[in-house]
Amino acid sequence: MIYEIADLKIKIDDPDVYTEKSLSGFISCSETFDFDVSVSENQINEERNSQPDVHLKNMREYLKSVAFFRALCRKLPFFGRFLLHCSVVELGGECYAFLGRSGAGKTTHSLLWLKYLPEAKILSGDKPIVKSENGQFTVYGTPWRGKEKFGYNGKADLKGVCFIEQAAENSITKLTPSEAGERLFSQVYFPNDPVAAAKTLEFVNELAGKIPAYLLKCDISKQAFLLSYSALAGKGEKV
């Protein structure tokens with residue numbers, strides 16, 4: 001079966017039930033493809049050996065789906081794309097990425113945007129794909145939407161990046177490209193292949209240098225939303 005993800009046509013060889021279900025909204029009518037993805041028994045066993053959850057170690061179809069996902073991500077850098085761990089809010093064809101450690105409140109803060117901006121949507125709740133082309137960055141919704149399943153099959157121009165940290169008082173600070181780059185490294189999937197890893201590093205440095213980035217220390221309040229909205233979109237005073 002051929003699927004279209006992030007404007008790439010991808011042939012999935014012998015998909016498992018998990019992969020087929022998650023990709024059901026990404027089926028392509030094309031008979032040609034940009035690249036194909038397959039996994040071996042060795043790759044499935046590698047996922048089993050690295051799986052910390054003992055209950056998942058024996059779920060072969062689940063392990064196979066993780067192996068497919070990893071195999072696909074390894075090929076993205078060769079097509080000017082990389083996987084970013086974040087929540088992305090789309091607003092009028094433009095989007096803003098919220099990043100941070102697990103439990104920092106990325107999704108919670110994204111939902112504040114939806115609460116106060118009825119036209120806003122979550123493009124991706126967990127693992128969007130970012131394309132770099134001619135100095136522009138496009139974010140794509142993917143089948144990997146996180147446990148809440150927020151997101152859709154769409155795309156938008158990336159206009160800002162915001163790192164989230166929980167705090168008792170709200171504040172926002174603009175980051176330098178160097179500071180943004182350091183934080184981005186831990187949120188990007190780096191393939192083991194040295195060429196793919198080098199390409200991904202180039203993408204990260206370019207993104208950090210061209211897309212405004214901020215550090216938001218916040219609680220769960222309208223004030224926190226207004227700080228990020230004003231900084232990222234420049235329109236906080238209109239809400």
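This chain uses plain numbering: 1 for the first residue, then up along the sequence. Keep in mind that this is a model prediction, so the values were computed, not measured.
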Exercise. Is there a donor-acceptor pair closer than 3.5 Å between any side-chain N or O of S22 and the backbone N or O of T19?
Worked result: yes

Problem set entry | Polar side-chain atom of K159 near backbone of A233 as donor-acceptor pair, under 3.5 Å | no

For this session: Return the minimal non-hydrogen interatomic distance between L123 and K155, and the atom names on each side.
Result: CD1-N, 4.0 Å

For this session: Check whether more than 12 heavy atoms from other residues, nucleotides or ligands sit under 6.0 Å from atom NZ of K75, and answer yes or no.
Result: yes

Seminar exercise, completed: d(Y18 OH, L23 CG) to nearest 0.5 Å is 14.5 Å

Problem set entry | Test item: F203 and V130 side chains (from C-beta on) under 4.5 Å apart, heavy atoms | no

Exercise. What's the shortest heavy-atom distance between L215 and R183, and which atoms?
Worked result: CD2-NH2, 3.7 Å

For this session: Indicate if F225 and L227 have the same hydrophobic cluster label, given that clusters are the connected sets of ILVMFWY residues with side-chain heavy-atom separations under 4.5 angstrom.
Result: yes

Exercise. Looking only at heavy atoms, which two atoms of S110 and F98 are closest? And how far apart?
Worked result: OG-CD1, 3.6 Å

Problem set entry | Closest non-hydrogen atom pair, R145 against D126 | C-CB, 3.5 Å

Exercise. CG/N205 to CZ/F185 distance, rounded to the nearest 0.5 angstrom?
Worked result: 5.0 Å

For this session: Please tell me if the side chains of D157 and T138 come closer than 4.5 Å, counting only heavy atoms from C-beta onward.
Result: yes

Problem set entry | Interatomic spacing from CG in N49 to CD in Q51 - rounded to 0.5 Å | 10.5 Å

Exercise. Is a side-chain N or O of N170 found less than 3.5 angstrom from the main chain of Q223, in a donor-acceptor match?
Worked result: no

Exercise. Short question: side chain of R48, backbone of K57 - any donor-acceptor pair under 3.5 Å?
Worked result: yes

Exercise. Any donor and acceptor pair, going by atom type alone, linking the side chain of K217 with main-chain N or O of S171 inside 3.5 Å?
Worked result: no

Exercise. When you look at CD1 of I27, are more than 12 heavy atoms from neighbouring residues, nucleotides or ligands closer to it than 6.0 Å?
Worked result: yes

For this session: Return yes if some donor-acceptor pair links the side-chain N/O of T142 with the main-chain N/O of K127 below 3.5 Å, else return no.
Result: yes

Exercise. Listed by chain and number, what are the side chain to side chain donor-acceptor pair (under 3.5 Å) partners of R101, not counting sequence neighbours?
Worked result: none

Problem set entry | Verdict with reasoning, L111 to I122, per side-chain contact (heavy atoms from CB on, under 4.5 Å) | CA-CA 8 Å; L111 290 173; I122 294 182; 3.9 Å; yes

Problem set entry | Test item: V195 and K199 side chains (from C-beta on) under 4.5 Å apart, heavy atoms | yes

For this session: Validate the cation-pi geometry between K121 and Y152: distance from NZ or CZ to the six-membered ring centre under 6.0 Å, angle to the ring axis within 45°.
Result: yes

For this session: Check the hydrophobic clustering (I, L, V, M, F, W, Y; side-chain heavy atoms under 4.5 Å; chains of links allowed) and say if L232 and I211 are grouped together.
Result: no

For this session: Just do the side-chain contact (heavy atoms from CB on, under 4.5 Å) check on L184 and L84 with the steps written out, would you?
Result: CA-CA 8 Å; L184 279 168; L84 187 62; 4.2 Å; yes

Exercise. Side chains of L76 and F82: does their closest heavy-atom pair fall under 4.5 Å?
Worked result: no

Exercise. Run the salt bridge (charged side-chain N to carboxylate O under 4.0 Å, His left out) check on D7 and R81 step by step: do they pass?
Worked result: CA-CA 10 Å; D7 283 339; R81 293 158 174 79; 5.1 Å; no

For this session: Please tell me if the side chains of S132 and L207 come closer than 4.5 Å, counting only heavy atoms from C-beta onward.
Result: no

Exercise. Atom CZ in F26, atom OH in Y140: separation rounded to 0.5 Å?
Worked result: 12.0 Å

Exercise. Is K64 close to D14 at the side-chain level, that is, under 4.5 Å between some pair of heavy atoms?
Worked result: yes

Problem set entry | Distance, nearest 0.5 Å, that separates CG of D36 from CD1 of I12 | 8.5 Å

Problem set entry | Co-membership, hydrophobic cluster, residues L8 and L83, 4.5 Å side-chain | yes

Exercise. Is the side chain of D34 donor-acceptor paired with the backbone N or O of I10 at a distance under 3.5 Å, no angle test?
Worked result: no

For this session: For D53, look at atom CG and say whether over 12 heavy atoms of other residues, nucleotides or ligands are found less than 6.0 Å away.
Result: yes

For this session: Name the orientation class of the two ring planes belonging to Y96 and W113 (parallel below 30°, tilted from 30 to 60°, perpendicular beyond 60°).
Result: tilted

Problem set entry | Pairwise distance CD(E20) to OG(S65) - rounded to 0.5 angstrom | 11.5 Å

Problem set entry | Donor-acceptor contact present, side-chain N134 to main-chain Q136, <3.5 Å | no

Exercise. Hey, quick one: are F78 and F137 part of the same hydrophobic cluster, counting side-chain heavy atoms closer than 4.5 Å, chains of contacts allowed?
Worked result: no

Exercise. Is the closest basic N to carboxylate O distance between E47 and R70 below 4.0 Å?
Worked result: yes

Problem set entry | F35/F79 under ring pair (Phe, Tyr, Trp, His ring centres under 6.0 Å): CA gap, chis, key distance, verdict | CA-CA 10 Å; F35 64 88; F79 295 86; 5.0 Å; yes

Problem set entry | Heavy-atom pair with the smallest gap, counting every atom of V88 and P128 | CG2-CG, 3.8 Å

Exercise. If you take all heavy atoms of E4 and S28, which pair is closest and at what distance?
Worked result: N-CB, 3.9 Å

Problem set entry | Same apolar cluster: I2 and L72, side chain cutoff 4.5 Å | no

For this session: Sequence neighbours left out, what passes salt bridge (Lys or Arg N to Asp or Glu O under 4.0 Å) with E119? Give chain and number order.
Result: none

